[in-house]
Amino acid sequence: MFNIITVTMQFDPLEDRIIMDCSNKSKDTQRLWLTRRLLNKLIPSLTDQLEVTSANKISKELEQAFAQEKAEVKKIKTKSVVLKKDNPSWLVTSVKVEKSKFEFKLLFINEKGLETIGKDDNQKKAEFVLAIPNLRQWLNALFKIYLKANWDTKFFPVWIDTDMSLSEEKPILN
């Protein structure tokens with residue numbers, strides 16, 4: 001299994017998919033392709049689970065908006081993932097989510113080697129463990145890409161800032 005440490009994401013208009021270039025601790029790289037259909041199911045599931053942690057001392061939307069803003073402000077700038085020659089490239093067909101008190105574990109899966117380029121495996125898997133602030137940063141990056149792609153953002157909750165600036169840089173996450 002590929003353990004993701006850093007990702008760089010961008011929209012591919014020709015494929016109408018999001019590219020997630022990933023690297024692990026050994027600096028090995030893989031390219032994962034994420035479809036809008038898959039993300040439209042995943043995003044509400046993740047954001048609903050984030051809302052469950054609400055302390056309810058202030059409105060849920062306000063509390064979540066503050067948490068999103070705090071995660072963005074604390075984001076550390078890192079280098080983009082640079083793919084190595086002949087790196088595996090595959091379509092994510094499902095995602096399993098596990099949540100603990102402080103983190104989320106996303107397991108990206110390609111069932112039966114569907115649309116897989118690279119090494120021959122019957123099933124590709126990549127695990128992405130994200131502390132809650134990092135998950136918020138990843139969701140912010142997805143939101144920005146949705147805006148650039150002109151995809152409908154109705155699957156994102158109102159507490160994700162709809163006035164985010166659209167920088168030309170690829171969103172990066174550690």
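In this text the structure is predicted, and so the values were computed from the model without any measurement.
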K.L.:
Which heavy-atom pair separates Thr29 from Pro88 by the least distance, and what is that distance?
P.N.:
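Between these two residues, the closest heavy atoms are O-CD, 3.5 Å.
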K.L.:
Do Trp138 and Asn134 touch side chain to side chain, with heavy atoms closer than 4.5 Å?
P.N.:
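Trp138 does not reach Asn134 side chain to side chain.
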K.L.:
Phe102: which other cluster members, linking ILVMFWY side chains closer than 4.5 Å, directly or transitively?
P.N.:
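Members other than Phe102 - counting any ILVMFWY side chain reachable under 4.5 Å - there are none.
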K.L.:
Taking all heavy atoms of Ile19 and all of Arg31, pick out the closest pair and write down the distance.
P.N.:
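It is CG2-NE, 3.1 Å.
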K.L.:
State, yes or no, whether a side-chain contact exists between Leu107 and Met1 at a heavy-atom distance under 4.5 Å.
P.N.:
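Of all side-chain heavy-atom pairs linking Met1 with Leu107, at least one is under 4.5 Å.
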K.L.:
Quick check: do Asn140 and Ile160 have side-chain heavy atoms less than 4.5 Å from each other?
P.N.:
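Asn140 reaches Ile160 side chain to side chain.
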K.L.:
I'd like to know if Val129 and Phe2 are part of one continuous hydrophobic network [Ile/Leu/Val/Met/Phe/Trp/Tyr, side-chain heavy atoms within less than 4.5 Å].
P.N.:
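No, it is not one cluster - the side chains of Phe2 and Val129 are not joined through contacts under 4.5 Å.
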K.L.:
If you look at every heavy atom in Glu111 and Ser94, which pair is closest and at what distance?
P.N.:
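So the minimum-distance heavy-atom pair works out to OE2-OG, 3.3 Å.
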K.L.:
Is there a path of hydrophobic side-chain contacts, each under 4.5 Å between heavy atoms, that joins Phe155 and Leu135?
P.N.:
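No; tracing contacts between hydrophobic side chains, which count when under 4.5 Å, never links both residues.
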K.L.:
Taking all atoms of both residues into account, what is the closest heavy-atom pair of Arg17 and Thr35, and its distance?
P.N.:
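Closest approach of Arg17 to Thr35, heavy atoms only: NE-CG2, 3.8 Å.
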K.L.:
Backbone N or O of Leu91 within a donor-acceptor pair of the Asn110 side chain at under 3.5 Å?
P.N.:
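The answer is yes, because a donor-acceptor pair under 3.5 Å joins these two groups.
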K.L.:
How many angstroms lie between CE in Met9 and CG in Asp21, if you round to the nearest 0.5 Å?
P.N.:
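The CG atom of Asp21 is 10.5 Å from CE of Met9, to the nearest 0.5 Å.
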K.L.:
Would you mind reporting whether Val92 and Trp33 have side-chain heavy atoms less than 4.5 Å apart?
P.N.:
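Answer no - side chains too far apart.
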K.L.:
Can you check side-chain contact (heavy atoms from CB on, under 4.5 Å) on Leu50 and Phe104, steps first, answer last?
P.N.:
CA-CA 10 Å; Leu50 281 172; Phe104 281 75; 3.9 Å; yes
K.L.:
Should Leu38 and Leu32 be counted in the same cluster of Ile, Leu, Val, Met, Phe, Trp and Tyr side chains packed under 4.5 Å apart?
P.N.:
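Both belong to a single hydrophobic cluster.
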K.L.:
Would a 4.5 Å heavy-atom cut-off, applied to side chains only, mark Trp90 and Phe108 as touching?
P.N.:
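SC-SC contact between Trp90 and Phe108 confirmed.
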K.L.:
Closer than 3.5 angstrom, by distance alone: can the side chain of Ser23 be matched with the main-chain N or O of Ile5 as a donor-acceptor pair?
P.N.:
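No, the answer is negative, given that no donor and acceptor are paired below the 3.5 Å cut-off.
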K.L.:
Can you give me the closest heavy-atom contact between Asp152 and Lys154, atom names plus distance?
P.N.:
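In terms of heavy atoms, the two residues are closest at OD1-N, 3.0 Å.
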K.L.:
Could you tell me which non-hydrogen atom of Asn24 sits nearest to which non-hydrogen atom of Asn3, and how far apart they are?
P.N.:
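Answer, listing the atom of Asn24 first, then Asn3: CB-O, 3.0 Å.
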K.L.:
When you measure from the side chain of Lys148 to the backbone of Phe11, do you find a donor-acceptor pair of N or O atoms at a distance under 3.5 Å?
P.N.:
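Answer holds: no.
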K.L.:
Do you reckon Val95 sits in the same ILVMFWY cluster as Leu39, going by side-chain contacts under 4.5 Å, direct or chained?
P.N.:
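Yes, because Val95 and Leu39 connect within a single hydrophobic cluster, where side-chain heavy atoms sit under 4.5 Å apart.
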K.L.:
Is a side-chain donor or acceptor of Thr153 paired with a backbone partner of Phe156 at a separation under 3.5 angstrom?
P.N.:
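It does not hold such a pair.
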K.L.:
As an exercise, state the distance from NZ of Lys96 to CD of Glu127, rounded to the nearest 0.5 Å.
P.N.:
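Atom-to-atom, Lys96:NZ and Glu127:CD are 12.0 Å apart.
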K.L.:
Is there a continuous path of hydrophobic side-chain contacts, each under 4.5 Å between heavy atoms, that joins Ile132 to Leu46?
P.N.:
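Per the 4.5 Å side-chain linkage, Ile132 and Leu46 are co-clustered.
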K.L.:
Please state whether the rings of Trp151 and Tyr146 are parallel, tilted or perpendicular, taking 30° and 60° as the class boundaries.
P.N.:
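Judged by the thresholds at 30° and 60°, the geometry between Trp151 and Tyr146 is perpendicular.
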K.L.:
Given Phe143 and Leu139, is the side-chain contact (heavy atoms from CB on, under 4.5 Å) satisfied, shown in steps?
P.N.:
CA-CA 6 Å; Phe143 184 77; Leu139 288 169; over 6 Å; no
K.L.:
Got Leu42 and Val97 here, is their nearest side-chain heavy-atom distance under 4.5 Å?
P.N.:
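Side chain of Leu42 against side chain of Val97, heavy atoms only: contact under 4.5 Å found.
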